[in-house]
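Reviewing the structure listed below.
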There are 2 protein chains.
Amino acid sequence: MPTISKEDYIKAIYQLESYPDKSVSTTDVANKLEVSKAATSEMVQRLSEQGFLNYEKYRGMSLTEDGKRTALHVIRRHRIWELFLVDVLGLTWSEVHAEAEILEHSTSDFLIERLDKYLRHPKFDPHGEPIPDKYGNLPELPDWVSLPKCEVGKSYRLVKVTDSSKELMDYFTEIGLSLNKVVMIVSRLSYDNSTIIQVGNDSFNISEKIASNLFFIEDV
Amino acid sequence: MPTISKEDYIKAIYQLESYPDKSVSTTDVANKLEVSKAATSEMVQRLSEQGFLNYEKYRGMSLTEDGKRTALHVIRRHRIWELFLVDVLGLTWSEVHAEAEILEHSTSDFLIERLDKYLRHPKFDPHGEPIPDKYGNLPELPDWVSLPKCEVGKSYRLVKVTDSSKELMDYFTEIGLSLNKVVMIVSRLSYDNSTIIQVGNDSFNISEKIASNLFFIEDV
DNA sequence: GTTTAAATTTAAGCATTCCTAACTTAAGAA
DNA sequence: TTCTTAAGTTAGGAATGCTTAAATTTAAAC
């Protein structure tokens with residue numbers, strides 16, 4: 001049974017592994033968790049001894065099957081809590097992450113299954129991220145496109161929002177964007193590649209940088 | 001901001017202080033938390049230095065105002081979670097304690113206020129224990145009597161159940177006893193001072209020892 | 001192919017929280 | 001009032017998880 005700290009490292013490494021063509025380095029993990037490289041180096045060795053990581057000194061690391069299972073277990077708890085906080089307690093996108101970050105380490109399997117049942121076995125969290133089931137299996141992902149690639153004139157449904165900052169999340173909340181919202185692509189300005197979308201009765205110009213955090217599927 | 005461990009000590013001391021005519025000793029705390037007396041002695045000194053306790057070596061301890069405030073803060077979180085787990089997720093009496101024991105240390109003030117609001121600012125937890133408000137004020141307590149003192153022939157409403165064991169809690173759940181349930185006192189056997197109560201259509205003989213965990217107010 | 005800079009690991013140290021064992025104090029029995 | 005024992009404290013040690021500083025390895029520049 002890993003400690004809170006170990007769960008944080010394992011989760012971080014799992015997330016860093018998702019970037020293709022790049023093995024995970026000590027520095028990557030240290031930056032992500034905002035701890036020293038020395039602390040990371042130590043911890044990585046301990047996790048390796050305990051079978052969560054494959055690791056060769058100076059050569060980067062990768063999670064073992066055991067490590068992946070543990071990571072998905074933490075991620076499941078995190079995402080179920082996020083969904084619960086948004087759907088039941090009405091927290092906003094920007095409010096949930098910090099709370100879930102703590103709760104994910106303080107929730108028994110028993111309680112998580114009860115929450116899961118209460119939420120009717122959800123497959124995606126409020127940001128559209130997939131929730132692993134209790135065996136660690138991820139649901140199939142929809143075939144989304146990011147907003148800069150959505151075609152003008154068509155309608156799309158929002159299925160994923162990457163949470164890069166509180167400011168951005170609050171902005172999305174403010175303009176009424178939420179998961180499964182249907183928006184119309186009004187136009188795209190070639191000048192800066194920004195996109196004008198219509199949400200309800202209002203239109204908004206979304207810069208390319210912001211738009212790259214929004215993922216849609218065509219609404220048919 | 002006290003650590004989890006410190007919160008546990010402060011809460012334990014608060015609870016031990018509630019027994020009248022007895023100052024709290026190192027041994028009391030050590031037994032309650034199931035740690036060594038040495039660990040307790042050390043921690044008590046640290047808590048005293050940090051202003052949570054009044055403490056003189058070999059002379060027992062008592063919480064300062066600061067300590068009491070901290071204890072009530074933890075207790076508030078614990079009881080709100082217990083109520084939530086029972087009322088919303090449908091956990092049983094015996095299931096909630098262990099979960100709340102962890103969650104009480106992992107919940108921000110912000111989240112607790114949201115839970116409190118969701119539960120409509122409850123005054124009592126599922127065991128009938130009072131929930132301190134966010135300023136640490138306890139609600140006024142009803143004037144309960146324990147079951148062995150309830151009068152035969154009268155109806156009473158259950159307002160408090162002390163959770164001495166899982167077995168007992170499960171038994172209460174099984175016979176349909178829950179907070180605010182109205183029961184009729186059918187008779188009392190002088191042989192062993194047990195009480196026969198009617199819950200719904202069924203009657204049960206409750207031994208004096210068990211009965212002393214149940215507290216009622218007369219139902220008018 | 002060296003040299004140098006960046007990445008990584010090791011070393012030394014600190015805080016927290018626990019343990020067991022040894023010692024000290026207090027309090028009740030004789 | 002002294003003696004004994006129970007209660008309480010100190011000492012020494014371990015695990016976790018972090019820090020900064022020093023040493024080492026790798027990799028990239030020249």
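Atom set for the values below is all heavy atoms of this structure, side chains included, hydrogens, waters and symmetry mates excluded. The chains referred to below are lettered A, B, ... by the order of the sequence lines, with proteins before strands, and numbering in each begins at 1.
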Got B/F172 and B/I210 here, is their nearest side-chain heavy-atom distance under 4.5 Å?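 Of all side-chain heavy-atom pairs linking B/I210 with B/F172, at least one is under 4.5 Å.
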Are A/L72 and A/Y14 packed together at the side-chain level, in the sense that at least one heavy-atom pair is separated by less than 4.5 angstrom?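 Answer yes - side chains close enough.
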Between [N] ([atom2]) and [X] ([atom1]): distance, integer Å:
| X | N | atom1 | atom2 | answer |
| --- | --- | --- | --- | --- |
| A/I10 | D/dG17 | CD1 | P | 11 Å |
| A/N31 | C/dA6 | CG | P | 15 Å |
| A/D28 | C/dA7 | CG | C1' | 11 Å |
| B/D8 | C/dT16 | CG | P | 16 Å |
| B/M1 | C/dA15 | CE | P | 21 Å |
| B/I4 | D/dG17 | CD1 | C1' | 14 Å |

Would you indicate whether [X], at its atom [atom1], is surrounded by more than 12 heavy atoms from other residues, nucleotides or ligands within a distance under 6.0 Å?
| X | atom1 | answer |
| --- | --- | --- |
| B/K181 | NZ | no |
| A/K32 | NZ | yes |
| A/K22 | NZ | yes |
| B/D143 | CG | no |

Polar atoms only, N or O, under 3.5 Å: list the protein pairs with nucleotides 19-21 of chain C and their distances.
residue: C/dC19; atom: OP2; partner: B/S36; partner atom: N; Å: 2.9
residue: C/dC19; atom: OP2; partner: B/S36; partner atom: OG; Å: 2.7

Which residues pass the ring pair (Phe, Tyr, Trp, His ring centres under 6.0 Å) test with B/Y9, sequence neighbours left out?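 Checked B/Y9 against ring pair (Phe, Tyr, Trp, His ring centres under 6.0 Å); zero matches.
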Any residue meeting ring pair (Phe, Tyr, Trp, His ring centres under 6.0 Å) with A/H73, in chain and number order, not counting sequence neighbours: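 Expected list: none.
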Give each protein N/O atom lying under 3.5 Å from an N/O atom of nucleotides 14-16 of chain D, with the pair distance.
none

Begin from the C-alpha positions of B/D116 and B/R76 and carry the test salt bridge (Lys or Arg N to Asp or Glu O under 4.0 Å) through to its verdict. CA-CA 10 Å; B/D116 183 59; B/R76 170 172 170 77; 3.5 Å; yes
Let me see the working for B/F84 and A/Y118 under ring pair (Phe, Tyr, Trp, His ring centres under 6.0 Å), right down to the final yes or no. CA-CA 13 Å; B/F84 170 82; A/Y118 183 82; 7.6 Å; no
Any side-chain N or O of B/Q45 under 4.0 Å from OP1/OP2 of D/dG8?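 It does not, given that no N or O in the side chain of B/Q45 lies less than 4.0 Å from OP1 or OP2 of D/dG8.
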Go through the structure and list residues passing side chain to side chain donor-acceptor pair (under 3.5 Å) with A/H127, not counting sequence neighbours.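 A/H127 satisfies side chain to side chain donor-acceptor pair (under 3.5 Å) with A/E82 once adjacent residues are dropped.
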Which residues in residues 56-63 of chain B have at least one heavy atom lying under 4.0 Å from any atom of DNA chain C?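 Contacts with DNA chain C under 4.0 Å: B/Y58, B/R59.
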